Each structure stands twice: as C-alpha cells, then as structure tokens.
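A note on names: the letters A, B, ... follow the listed sequences, proteins ahead of strands, and every chain is numbered from 1. This structure is a prediction, so every number in the text was calculated from the model and none was measured.
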2 protein chains.
Amino acid sequence: MKKPCNCPHTHPKQELSSLTTRLRREARKITGPRAAILEILHQHRHPLTNKEIHAELPKGECDLATIYRAMQMLEKLGMVKRFDFGDGVARFELVVEGDDGHHHHLICTQCAQVVEIGECFPAEIEHRIARQNGFRAVTHRLEFFGVCPDCQK
Amino acid sequence: MKKPCNCPHTHPKQELSSLTTRLRREARKITGPRAAILEILHQHRHPLTNKEIHAELPKGECDLATIYRAMQMLEKLGMVKRFDFGDGVARFELVVEGDDGHHHHLICTQCAQVVEIGECFPAEIEHRIARQNGFRAVTHRLEFFGVCPDCQK
DNA sequence: TTTTAATTGCAAATCATTTGCAATTAATTG
DNA sequence: CAATTAATTGCAAATGATTTGCAATTAAAA
C-alpha cells in the first residue's frame, strides 16, 4: 500500500502562512515539528498516513507520537481531514480554509494509487434516508475501489 | 459503541443447514466453534464484531482467535461480509447464498444504533467515475452517520 | 477404527495509535 | 532582552485489535 507521490503540485503559496495564522489564532504554538508537518501536507495532494509523513521528514526531525498528536489537533481545528481507506491506517489531507474538506477517492486495490473524486453521494437521496429513519445531521463516508489503468496490463 | 440487539428476527430456517453444506463443499470441517459462530450470526441481523460474537457464545465455548480465523475464512468463502464503521473494529454479517451482501448502514454517532439502508450509490455515476479514470471493477464502501431519533431528545 | 489434514486453544507477536512524564521551548510579560 | 509559564516534545510503556507459531485435538475420509 504505497506509491511515491511524484506530483509536483503544491497548494497555493498563500495557504502556508494562513495555516500558521490559524494555529496562532487558536493559541497554539508554531513549533518546528508542526511547521514541518504542515509543509509536508502542503506539498502533497493525496491523503498521507502518519508514517508516511514521518518518513518524509528529515531523519530524527520529529517523533511519530508528535505527528499523531499534531494530526489529532489539526483535525479538531478542522485544518486537516481524516480518511479511512479500510486498511486500518488513518490518512490525512490538508483542508483549504473555509472548506470542510468533504470529498472522496478512487483507490487502486492493486497498487494503492489514489485519485481524488469530484462526485459525491446525491444530497436528495441522503436527505431521504435521514428523513425515513428520523436521523439528523446525516453525512457519509464513501470511497471507491477498483483496478487502475496501470494495473490492468 | 454497543447496544443490545433485541430484534427477534432470525434468518429463514433453511439457511443454517445450507451454510454447513457450503462449508463442507469447500472441504472445510464443521466444528463446534464454527457451528456456534454461524448460529450467532444467524440470529442477528446487524453487523457484529468478533468480540460481540465471542461474548454471545457460552463462556469458554471458543477462543477469540478462533473467531478471527473463522471470520477470515467465511469472508473468503463469501459467506460473511465485512463492514467498517470507521471505529477501528471490523463487523460481520451473514451473507445470503447467491447474494454478494453489498449494502450500507446508517449509524448513530451517539449510541451506535445501526440501521440497514436500502439505497446504494447510483450505478450510472459509479460507472462514469470508473470510465473517467480508466479504472475497472469499481465498487465502493459507503456508510452514513447521524443522530438517531432517541439521541435527539 | 485408523489415518490424516484441518482446526483449536493459548501465549506471544504485530501494528496502529495513545499516553505518562520529565525535559524542552515558544510566546508572553516585565 | 531576560524571566515566567503553559504548551509541546521525545521516549518508553500501555492499549486494543488482529495475527501467528505450535503442540494438542478432532472431523472426515479411508
């Protein structure tokens, strides 16, 4: 379950400083480890596991436990979104300010390649499901799985 | 994350024997622990965790490791379907013969009550997603979360 | 009933994630 | 800029779910 992320895509420059601003706003310290973690998340568009983030950091830069703690905090602040691909490992993606980060992925079951999906579960159907069962504040967790072009060869 | 399953619903009688038949067909032994596990799954319509299954069994009836092994095997044979509610614990449901068991749930984030959902992600949209990305054999994992009627009070 | 391969119990091993705690440090204050 | 303080970190140990090695047991075939 891994694949080098050779995408040169980085998020808009502005974002990084806005991230530290957001942290400060919450009375949180901008520490070396945190800046480094945000930097890594910033350079990858795909969800990363804590272990992957740890591996990206210069050796000894930051403890794995610190990354776990940072992700918990960032998630609580809504700066990061947690994804579950069903393999028992949490993955995280930076969330653009003002957005809730809700979206889905298409994952290759052979090589774990991840594609971000624009589609979402139809809101009308979700509302109907909520109504029919008397539930409130209904959302969903949705991920697609299949075999990518490369792995079909 | 638990709730007594006070549903008297059991699956059609016929099923149980057909289950053992299926096992035999696969050159698998019908052992006490396995029969007991199938019996438990048979009496519950909601997904159960291995620990819950273990708790349902008469004390000392069967080791937890045996249940883990049995579920792995039953899943491979397609007799059981694994569900992931995102809380780090696997849940299983018996699959009706001839069916693939694909369906979804609506889970209360407060009391963990589970409702089985009839709706599914629209096939046309899924096909489009597969096509647009060149993926084959695409499926999805989908669960809904919200606050149930009881927990709204 | 014998033979044999599948299965089980039990303990130890894995893995991801969390946590206690003392040492370190960012940010504030004077 | 130095002192003060609460937040943060590293490290090791603790958790929890799940897996695995292995010797003893047992279902099913012969």
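One can place NZ of B:Lys51 at 10 Å from C1' of D:dT15, the figure rounded to the nearest angstrom. When the P atom of C:dT17 is taken as reference, atom CG of B:Asp87 falls 13 Å away, rounded to whole Å. Atom P of nucleotide C:dT7 and atom CZ of B:Arg24 are separated by 13 Å, given to the nearest angstrom. Rounded to whole angstrom, the span from the NE2 atom of A:His54 across to the P atom of C:dT18 amounts to 16 Å. Remark: P of D:dT9 and CG of A:Leu57 are 12 Å apart, rounded to the nearest angstrom. In this structure, CZ of B:Arg28 is placed 11 Å from P of C:dT8, rounded to the nearest angstrom. The distance between atom CD1 of A:Ile53 and atom P of C:dA16, rounded to the nearest whole Å, is 14 Å.
In the hydrophobic clustering of ILVMFWY residues, with side-chain heavy atoms under 4.5 Å counting as a link, B:Phe83 and A:Val138 come out apart. Hydrophobic clustering places B:Phe135 together with B:Leu142 (ILVMFWY residues linked when any side-chain heavy atoms are closer than 4.5 Å, directly or through intermediates). Residues B:Val115 and B:Phe145 fall into different hydrophobic clusters, defined by Ile, Leu, Val, Met, Phe, Trp and Tyr side chains chained together at heavy-atom separations under 4.5 Å.
Connectivity analysis of hydrophobic side chains (ILVMFWY, heavy atoms under 4.5 Å, direct or indirect) links A:Val147 to nothing; its cluster partners are none. Using a 4.5 Å cut-off between side-chain heavy atoms of Ile, Leu, Val, Met, Phe, Trp and Tyr, A:Val89 forms no hydrophobic cluster with any other residue.
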Could you pull out the protein-nucleic contacts involving nucleotides 23-26 of chain D (nitrogen or oxygen on both sides, under 3.5 Å)?
| unit_1 | atom_1 | unit_2 | atom_2 | d |
| --- | --- | --- | --- | --- |
| D:dT26 | O2 | B:Lys29 | NZ | 3.3 |

Report each atom pair, protein N/O against N/O of nucleotides 9-13 of chain C, whose distance is under 3.5 angstrom.
| unit_1 | atom_1 | unit_2 | atom_2 | d |
| --- | --- | --- | --- | --- |
| C:dG9 | OP2 | B:Asp63 | N | 3.0 |
| C:dG9 | OP2 | B:Thr66 | OG1 | 2.2 |
| C:dG9 | N7 | B:Arg69 | NH2 | 3.0 |
| C:dG9 | O6 | B:Arg69 | NH2 | 3.1 |
| C:dC10 | N4 | B:Arg69 | NH2 | 3.3 |

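Applying the side-chain hydrogen bond (donor to acceptor under 3.5 Å, both in side chains) test to A:Glu75 and every residue at least two apart in sequence or in another chain returns A:Arg82. In this structure, the side-chain contact (heavy atoms from CB on, under 4.5 Å) partners of A:Leu77, at least two apart in sequence or on a different chain, are A:Leu23, A:Glu26, A:Arg28, A:Met73, A:Met79. Partners of B:Pro122 under the side-chain contact (heavy atoms from CB on, under 4.5 Å) rule, at least two apart in sequence or in another chain, are A:Phe121, A:Pro122, A:Ile125, B:Glu124, B:Ile125.
Among B:His103, B:Lys81, B:His46, the one residue that satisfies the side chain to side chain donor-acceptor pair (under 3.5 Å) test with B:Glu93 is B:His103.
Using a 4.0 Å cut-off on heavy atoms, the residues of residues 71-81 of chain B that approach DNA chain D are B:Gln72, listed by number.
Within the structure, side chain to side chain donor-acceptor pair (under 3.5 Å) pairs that include any residue of residues 55-73 of chain B do not occur (at least two apart or interchain). For residues 126-149 of chain B, the set of pairs meeting the side chain to side chain donor-acceptor pair (under 3.5 Å) definition, not counting sequence neighbours, comprises A:Glu119-B:Arg128, A:Gln152-B:Arg136, B:His102-B:His140, B:His104-B:His140, B:His105-B:Glu143, B:Glu126-B:His140.
Computed from C1' positions of five pairs at each end, the angle between the two local axes of the helix from C:dT1-D:dA30 to C:dG30-D:dC1 equals 30°, rounded to 10 degrees.
B:Val95 and B:Gly78 get closest at one heavy-atom pair: CB-O, 3.7 Å.
The residue B:Ala70 sits apart from the nucleic acid: no heavy atom pair falls under 4.0 Å.
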